[in-house]
Amino acid sequence: MAVFARIRALLRRPPDLLTDILRTGDITLDPVKHQVTRGTKEVYILRQDFALLEFLMRNPTQVFSTTTLLQRVWSSDSEAAGDAIRSSIKRLRQKLDDKKVSEASSIIENVPKIGYRIRQNHSMHT
């Protein structure tokens with residue numbers, strides 16, 4: 001009987017929660033298909049960059065330090081440093097931001113002396 005209650009609860013969820021698709025502005029991330037799109041175009045990103053983007057999109061209002069991102073996103077056996085985070089963010093910005101957009105209005109916001117977060121009011125330039 002518990003299985004049926006769980007299925008009913010899942011069916012009551014909004015479609016995005018059921019499929020687990022994340023959206024910010026015109027960026028869509030589907031963790032099941034391991035797919036990122038910007039508008040209607042699929043964007044190919046590295047596995048670690050995908051993991052970082054997914055983590056930020058799942059925690060949209062929070063700012064994370066480089067140290068926290070390393071602990072939460074990179075594998076525990078990794079010897080990655082802060083440069084790995086900065087490189088990953090740079091690659092994500094190159095792939096996802098409009099070429100005309102400055103870093104100040106990038107999808108990934110740099111909060112000085114604190115860390116990074118996903119920008120909720122990300123502009124949808126095409």
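- Among all heavy-atom pairs drawn from Ile45 and Phe50, the shortest one is CD1-CA, 3.5 Å.
- Glu42 and Thr37 make their closest contact through CA-CG2, 3.8 Å (heavy atoms, listed as atom of the first residue, atom of the second, distance).
- When every heavy atom of Leu56 is checked against every heavy atom of Tyr116, the shortest pair comes out as CD2-O, 4.2 Å.
- Here CD1 of Ile27 is found 7.0 Å from CE of Met57. Values are rounded to the nearest 0.5 Å.
- The distance from atom OG of Ser106 to atom CD of Gln94, rounded to the nearest 0.5 Å, is 10.5 Å.
- Looking at Asp30, its side chain does come within 3.5 Å of a backbone N or O of Lys33 through a donor-acceptor pair.
- Scanning both residues, Ile21 and Thr28, for their nearest heavy atoms gives CG2-CG2, 3.3 Å.
- With respect to the salt-bridge test (charged N to carboxylate O, under 4.0 angstrom), the residues Asp20 and Arg58 qualify.
- Nearest heavy-atom pair, Leu52 versus Ser88, reported as atom, atom and distance to 0.1 Å: CD2-OG, 3.4 Å.
- Asp49 and Leu92 make their closest contact through O-CD1, 3.7 Å (heavy atoms, listed as atom of the first residue, atom of the second, distance).
- A donor-acceptor contact shorter than 3.5 Å links the side chain of Ser87 to the backbone of Asp83.
- A side-chain donor-acceptor contact under 3.5 Å links Arg93 to the backbone of Ile108.
- Checked by atom type and distance alone, the side chain of Arg117 never pairs as donor or acceptor with a backbone atom of Gln62 at under 3.5 Å.
- Here the CZ atom belonging to Arg91 is positioned 12.0 Å from the CG atom belonging to Leu96, to the nearest 0.5 angstrom.
- One N or O on the side chain of Ser65 and one on the backbone of Thr68 form a donor-acceptor pair closer than 3.5 Å.
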